[in-house]
Protein chains: 2
Amino acid sequence: MKIIAIKKSVTAQKILDSAEALFAESGYDGVSLRHITRHAGVELALPNYYFGTKLELFKHVIERRSEILNEERMSALTRLENSASIDSIISAFTEPFLRRTISGDIGWQNYSRLVAQIANSARWSREIMSHEFDPVALEFVRRTKICFPSAKDQDVFWGFHFLLGAMTLTFAQTGRIDILSKELCKTTDLVGIYKRMVPFLSAGFSAICEA
Amino acid sequence: MKIIAIKKSVTAQKILDSAEALFAESGYDGVSLRHITRHAGVELALPNYYFGTKLELFKHVIERRSEILNEERMSALTRLENSASIDSIISAFTEPFLRRTISGDIGWQNYSRLVAQIANSARWSREIMSHEFDPVALEFVRRTKICFPSAKDQDVFWGFHFLLGAMTLTFAQTGRIDILSKELCKTTDLVGIYKRMVPFLSAGFSAICEA
DNA sequence: TATATATTTGAACAGTTGTTCAAATATATA
DNA sequence: TATATATTTGAACAACTGTTCAAATATATA
């Protein structure tokens with residue numbers, strides 16, 4: 001009987017890191033197990049040993065950091081006072097991801113690029129996004145409803161949808177806005193983005209959720 | 001010498017339609033030429049005859065409708081008066097895509113799902129999105145600057161970035177919000193989304209672009 | 001009708017894909 | 001040290017990949 005402790009195996013972590021980086025760049029089907037193992041410097045058979053199939057490896061890549069992210073988001077949301085403003089609710093939801101990404105940790109940067117792709121993919125969104133991130137999303141919605149007592153539930157959900165779109169494109173780090181703005185705006189300037197994103201989204205929520 | 005008139009060949013259009021539908025579902029690498037030709041009911045060698053490589057076929061899929069979309073958006077923007085409100089500018093930019101998608105045309109629905117994925121992909125965004133859509137995007141930015149004379153260029157570009165994120169996630173039609181909201185919100189209800197999206201984004205722009 | 005051109009067919013090519021497994025090696029336990 | 005378990009190795013499998021091409025067929029031109 002084999003007992004695999006993925007979290008403690010440096011080989012397993014090397015595979016996850018390489019898979020994360022390559023999936024973020026080229027997507028699930030754009031990357032082969034040989035790409036991953038070559039990048040990680042390990043044998044081809046090892047992903048199967050630790051994770052089973054390629055699909056299970058993919059899901060492990062997602063779950064490794066979603067657990068951390070969900071905990072941080074949830075605790076930031078529950079730390080809020082009952083009278084919290086929409087600004088602070090949006091900050092609580094978006095800031096944990098942002099802080100991880102701007103820290104310079106290349107793993108988190110790859111992860112956020114990967115999640116952005118998944119969130120906009122018909123194939124993966126329901127299967128992965130819903131499963132991993134909906135509980136925290138519902139807590140965000142619950143807090144926002146308290147903030148706008150007269151808002152209809154639909155309005156709050158659509159507001160969350162717009163927030164999610166703006167946030168995921170930001171974390172996608174595509175570099176398109178750099179080209180469009182002739183390098184006036186930098187995809188990597190997450191602090192500058194954040195300073196504008198929270199007011200932008202707060203005003204948007206107020207516009208559709210206030211009577 | 002072979003003279004190929006792609007736009008008039010029903011075979012070429014069948015290939016483009018099938019490629020569009022399958023790429024929208026599974027992405028560039030998730031679809032093989034055999035999937036496409038089987039779906040279209042044509043021989044394997046025909047994509048090469050009409051389009052050359054798989055990559056060139058992919059780009060033809062994108063360009064076929066981006067030409068139409070760009071013309072409609074550009075003419076909607078230039079039809080605006082000089083004193084146009086941010087609401088009307090956002091409408092001019094987003095409405096053409098919306099109208100095509102809600103018309104029930106399955107081809108345009110597939111196309112919008114595909115563009116949403118490309119917009120959030122590091123691999124394709126610069127190569128395809130910038131090339132296809134930046135001229136019209138710059139016209140949007142130019143009109144928005146007139147609307148907010150005291151706004152810094154950076155603020156307008158970032159506003160466009162948030163708009164683009166919200167819009168692409170909407171057109172991605174992932175169905176995630178349906179699950180999250182327990183079917184209270186429907187991804188397919190583009191009219192209901194639009195009614196909220198324009199006010200949401202207008203308020204966002206005002207928040208970061210007004211002094 | 002005869003000729004030229006456009007299109008379609010069916011097969012083949014070499015390279016890559018995910019997955020499997022017995023054997024070899026390393027590590028921990030007794 | 002001896003034994004059991006965990007991990008790594010290297011090769012093999014059949015299926016699938018994008019691309020190519022000569023031959024066959026259809027269509028237009030003269």
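Chain naming here is simple, since letters A, B, ... match the order of the sequence lines and numbering starts at 1 in each.
- Contact annotation: His35(B) side-chain N/O to dC16(D) OP1/OP2 distance is not under 4.0 Å.
- With hydrogens and angles left out, the side-chain atoms of Thr53(B) and Glu56(B) include a donor and acceptor closer than 3.5 Å.
- Side-chain nitrogen and oxygen atoms of Thr11(B) include none within less than 4.0 Å of the OP1 or OP2 phosphate oxygen of dT7(C).
- Between Leu46(A) atom CG and dT9(D) atom C1' there is a gap of 8 Å when expressed in whole angstrom units.
- Residues Phe58(A) and Trp124(A) bring their aromatic ring centres within 6.0 Å.
- In this entry the distance linking CG of Leu44(A) with C1' of dT16(C) reads 12 Å, nearest Å.
- For Ala45(B), taking side-chain heavy atoms from C-beta onward, the closest of the listed nucleotides dA11(D), dC21(D), dT8(D) is dC21(D).
- Rounded to whole angstrom, the span from the OH atom of Tyr50(B) across to the C1' atom of dT9(C) amounts to 13 Å.
- The CG atom of Leu33(A) sits 15 Å away from the C1' atom of dC16(D) (whole-angstrom rounding).
- Rounding to whole angstrom units, CZ of residue Phe51(B) and P of dT8(C) are separated by 11 Å.
- Annotation: cation-pi geometry satisfied between Lys54(B) and Tyr28(B) (NZ/CZ under 6.0 angstrom from ring centroid, within 45° of ring axis).
- Residues Arg113(A) and Asn110(A) have side chains that bring a donor and an acceptor to within less than 3.5 angstrom of each other.
- Helical stems in DNA chain C, defined as runs of 3 or more consecutive Watson-Crick or G-U wobble pairs with both donor-acceptor distances under 3.5 Å, are listed by first residue as C:1-30 with D:1-30.
- Counting to the nearest Å, the P atom of dC21(C) and the CD atom of Glu43(A) are 18 Å from each other.
- Centroid-to-centroid, the aromatic rings of Phe160(B) and Phe93(B) come within less than 6.0 Å.
- Remark: P of dT17(C) and CZ of Phe58(A) are 17 Å apart, rounded to the nearest angstrom.
- Rounded to an integer number of Å, the gap from Lys54(A) NZ to dT16(C) P is 15 Å.
- Remark on DNA chain C: of its neighbouring residues Gly41(B) and Tyr28(A), the 5'-side contact belongs to Gly41(B), judged by nearest-heavy-atom nucleotide.
- Aromatic ring centres of Phe162(B) and Phe205(B): separated by at least 6.0 Å.
- The side chain of Tyr49(B) approaches dT7(C) more closely than any other nucleotide in the set dT7(C), dT19(D), dG18(C).
- Which of dT17(C), dT20(D), dA12(D) sits closest to the side chain of Asn48(B) comes down to dT20(D).
- Between Ser32(A) and dT17(C) there is a side-chain polar atom (N or O) within less than 4.0 angstrom of OP1 or OP2.
- Between the side chains of Arg64(A) and Gln13(A), at least one donor N or O lies within less than 3.5 Å of an accepting N or O.
- Within the nucleic acid shown, Val10(A) has no heavy atom closer than 4.0 Å to any nucleic acid atom.
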